[in-house]
Amino acid sequence: MLNVALPKGRLGDKVYNMLASIGYECKEILEDSRKLIFVNEKNGVKYFLVKPSDVAIYVENGAADIGVVGKDILLESEADVYELLDLGFGKCKMCVAALNDFRDNTSRPLRVATKFTNMAKTYYDSINREIELVKLNGSVELAPILGLSDVIFDIVETGKTLVENGLSVKEEVVPISARLIVNKSSYFFKTDEINTIVRELGKEKV
Amino acid sequence: MSFKRKEDIIIENLKELFDSNGYKYYKMRKFEEYSLYMENKNFLSSDYIITFNHNGKLLALKPDVTLSIVKNAKIQKGKTQKLYYRENVYRYDRKSHDYKEINQLGLEVVGKIDFTHDCEILNLALMSLDIISKDSRLCISNTGVIAGLLSHLNISSDYYKNRIINSIREKSRHELYAILDELSIDSEGKELFNSLFEGKIPVVEETKEAYESLTKTVEVMKSLGWGDKINIDFSIINDLDYYNGTVFNGYVSNVPRAVLSGGRYDGLVEKFGTKVNAEGFAVYLDDILYLDEKIDYDADVLLIYSEDADPSKVLSRSQEIRERGESVYIATAIPDGFKFKRKENL
């Protein structure tokens, strides 16, 4: 039985379709219901619908053998898992952005507003810039506009939100996309099955 | 019928295994000076240590046992010590934002470790895993392989080394190739790294020694019958400054994390001033607790006695039941939610 943690939403739907096409179909999941666990004994698969930011936790703790998660959430969670495939979709970039006319005053710590506190700390550590973190949970673009921070450390997709709010990208930190992650112990007991999935999904990827 | 809990049986069997191989039980001091850990931060998995002040000295609750043994075990050249221990260590878990008490049972060999001793330690690791579960895997690597490969390709910057090592640790082929592209590594170089992901050892001058050691070791383990339980896997990586040679992790099915971890760490002992060999491993007992079978009954027999019953009759009856191999719980009425196989009234 392969246990799969699927993120709720578009990403999960896409991943389900990919897995279904390589033999892990479980039609029940397409029905409109509030169920969270779907089993197909014949195909040997169990799917869980999980909050995207929790996928890595389920996989790390062995509740799921495999899962799909954005590289941003994966890096932020610092989960100890294998990352076997870059699925190539959900592409965006983790960036530092600020008001268009922003200039860094290096005589004092940089105030950084972000949802991704671990990633921000790691990045600024690596460039030896002292920062003050402002942890926010959403609409992070507001922070520099209202003077709550100097910059934001956030995901940028098309860049439209930034432009419309008078902000622009100052640094591109790391490219983000959907990744296939695997529990380290499961990998050794389901090696062939997992390698087959990686190979087949690798063919399908964007 | 045994009333022992599964984890206690495992612990007893592990201790017996080590005793019968001539390993001596080593009792650790409860606390160590904080400076021991401060000076060896890289060896530890985390910076957060529980400390307290005692008579002006800053002491720590041990986050690790190996460092204590290396410091205290009166290491002398020419003398080999084989020790095992059972200790609690205290580590900070970033995810739960809490300190955890981790139960470890492990062994260390300090002194002269020839190839046969290296094999003995691995054999003990495999036998330990077998005691825990019949469905287990020991994944083994040699630090010389990755170190040799990095040296062969002249990759010396810590920045790139760490990124490469990280991508191998995560089995992230795609990340590794992106990094190799940044370094303009040619396809021949890429192919060398690629073989790591296939569990094959890239053979170049700098990895030859590690290659021979790893191959010979696996051959010996296979000849002892461990063929289907041992894998060469290069994602098993520890700090290259301390570990030099064999490194390994052990997994059992249905437990998400490694239950066993170890390696050869001459480098660490050398930092304490003595040039000797050192190798060992630890078994993490906490995850094993969850392997236990479901408890269906609180006791086999619920022995109900009336308020005017003679205590010696109650206790004798309880004794009789226990001598026949059943567990028994005495009470004046059925406790709320109590599960039992059968009931007796006195």
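Chain naming here is simple, since letters A, B, ... match the order of the sequence lines and numbering starts at 1 in each.
For the atom pair OH (Y187(A)) and CG (N231(B)), the distance works out to 8.5 Å, reported to the nearest 0.5 Å. Summarising the geometry, atom CD belonging to E83(A) is positioned 13.5 Å from atom CZ belonging to R169(B); distances are rounded to the nearest 0.5 Å.
Counting heavy-atom neighbours within 6.0 Å of Y58(A) OH, excluding the residue itself, gives a total of 12 or less. Within a 6.0 Å radius of NZ in K171(B), other residues, nucleotides and ligands contribute more than 12 heavy atoms. Shown here is K222(B), whose NZ atom has no more than 12 heavy atoms of other residues, nucleotides or ligands within 6.0 Å. Around CD of E41(A), the count of heavy atoms belonging to other residues, nucleotides or ligands within 6.0 Å does not exceed 12. Heavy atoms of other residues, nucleotides or ligands lying less than 6.0 angstrom from CD of E198(B) number more than 12. In the displayed structure, R108(A) atom CZ is contacted under 6.0 Å by more than 12 heavy atoms of other residues, nucleotides or ligands. Applying the 6.0 Å contact sphere to NZ of K135(A) captures more than 12 heavy atoms from other residues, nucleotides or ligands. Counted within 6.0 Å of OH on Y211(B), heavy atoms from surrounding residues, nucleotides or ligands total 12 or fewer; the atom is thus considered open.
No side-chain donor-acceptor contact under 3.5 Å links S185(A) to the backbone of Y251(B).
When all heavy atoms of F188(A) and D233(B) are compared, the pair lying nearest together is CE2-OD2, 3.2 Å. Here the shortest heavy-atom pairing between Y82(A) and S235(B) reads OH-OG, 2.6 Å.
With a 4.5 angstrom heavy-atom cutoff, V81(A) touches chain B only via backbone atoms. For chain B, no part of N3(A) is nearby; none of its heavy atoms comes within less than 4.5 Å. With a 4.5 angstrom heavy-atom cutoff, T191(A) does not touch chain B via any of its atoms. Contact annotation for N249(B): neither backbone nor side-chain heavy atoms come within less than 4.5 Å of a heavy atom of chain A. For S167(B), no part lies near chain A; criterion is any non-hydrogen pair under 4.5 Å.
Judged purely by distance below 3.5 Å, without hydrogens or angles, the side chains of R257(B) and N61(A) pair a donor atom with an acceptor atom.
The pair E175(B)-K71(A) meets the salt-bridge criterion, since a charged nitrogen lies less than 4.0 angstrom from a carboxylate oxygen.
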